Amino acid sequence: MRAHPVAPLLIASLLGLALIGCGNAEAAGPDNFNGDSRRGADLVKNYHCGGCHDIPGIAGADGNVGPPLHRVGTRTYIAGYIQNSPDNMTAWIEDPQKALPGNAMPTIGIPQKDARDIAAFLYTLK
Ligand code: HEC
């Protein structure tokens, strides 16, 4: 049986499209994102995110109120609704109740600079 001559091309282009679609998750953690991930890791400790989240690389962060943050840097959506991008992640950390009113993560009152650094840390989790 001979495969249809167009089939490989079609499959290749569909794969290409699929990669572009998923590429958003990759683009979620661009290297030029100007947050300080090391400072972010310290802030994650200080703000006790680990009381509610299981977070790789943060000692004692084994909370189970919210979802584990394993590989959150490559997740497609934040909280299942918001496209995962550096700006959206920063906004989420700054004020999750504004980002998605009524969700179960409380607004802690984190300044934007801290939120950016925390986002930079989260994007190291791949
Ligand atoms: C009081 C508990 C609590 C604290 C403290 C908390 N979170 Fe959350 N967080 C949640 C809950 C609950 C959700 C799930 C929200 C949803 O999906 O509707 C969540 C969701 C998230 C998400 C989205 C995860 C996903 O899979 O979409 C991120 C990222 C996140 N939190 C980061 C943080 C960071 C960073 C801190 C510390 C600055 C923090 N959280 C502190 C409860 C908490």
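First listed ligand is number 1; within each ligand, the first listed atom is number 1. Note that these values count all heavy atoms, side chains included, but never hydrogens, waters or copies made by symmetry. The structure presented is a predicted model; accordingly, all values stated were derived computationally and were not measured.
Set against the non-hydrogen atoms of Y77, the atoms of ligand 1 under 4.0 Å away are 27 (O). Atoms of ligand 1 found under 4.0 Å from any heavy atom of A104 (numbered from 1 in listed order, with element): 12 (C). Atoms of ligand 1 found under 4.0 Å from any heavy atom of I118, numbered from 1 in the order shown, are 35 (C). Applying the 4.0 Å criterion to heavy atoms of I78 picks out, from ligand 1, the atoms 23 (C), 27 (O). For ligand 1, the atoms sitting less than 4.0 Å from at least one non-hydrogen atom of M89 are 29 (C), numbered in the order shown with element in parentheses.
Between the side chain of Q97 and the backbone N or O of M105 there is at least one donor-acceptor pair closer than 3.5 Å. Between the H70 side chain and the P56 main chain, no donor and acceptor come within less than 3.5 Å of each other. S37 contributes no side-chain N or O that, together with a main-chain N or O of G40, makes up a donor-acceptor pair within less than 3.5 Å.
Looking only at heavy atoms of the protein, atom 26 (O) of ligand 1 is closest to R75 NH1, 2.4 Å. For atom 15 (C) of ligand 1, the nearest non-hydrogen atom of the protein is N103 OD1, 3.4 Å. Looking only at protein heavy atoms, the nearest one to atom 16 (C) of ligand 1 is A79 CB, 3.7 Å.
Within the structure, salt bridge (Lys or Arg N to Asp or Glu O under 4.0 Å) pairs that include any residue of residues 81-102 comprise D87-R116 (at least two apart or interchain). Sorted by first and then second residue, the pairs that involve residues 42-64 and meet salt bridge (Lys or Arg N to Asp or Glu O under 4.0 Å), not counting sequence neighbours, are D42-K45.
A continuous path of Ile, Leu, Val, Met, Phe, Trp and Tyr side chains, each step under 4.5 Å between heavy atoms, connects M89 with Y81, placing both in one hydrophobic cluster. Linking Ile, Leu, Val, Met, Phe, Trp and Tyr residues whenever their side-chain heavy atoms come within less than 4.5 Å leaves Y77 and L125 in two separate clusters.
Here atom 8 (Fe) of ligand 1 has protein N, O or S atoms under 2.8 Å from it, and they come to 2.
Taking CG of L43 as the reference point, atom CD1 of I58 lies at 10.0 Å (rounded to 0.5 Å).
When the heavy atoms of F121, Y47, W92 are ranked by distance to atom 22 (C) of ligand 1, first place goes to W92.
Applying the side-chain hydrogen bond (donor to acceptor under 3.5 Å, both in side chains) rule to R39 yields the partners D114, D117; only residues at least two apart in sequence or on another chain are considered.
Within the 4.0 Å heavy-atom shell around ligand 1 one finds I110. Look at Y81 and you'll find every heavy atom at least 4.0 Å from all atoms of ligand 1.
Closest heavy-atom contact between G50 and A61: CA-CB, 3.5 Å.
At a threshold of 4.5 Å between non-hydrogen side-chain atoms, the residues W92 and L100 count as touching.
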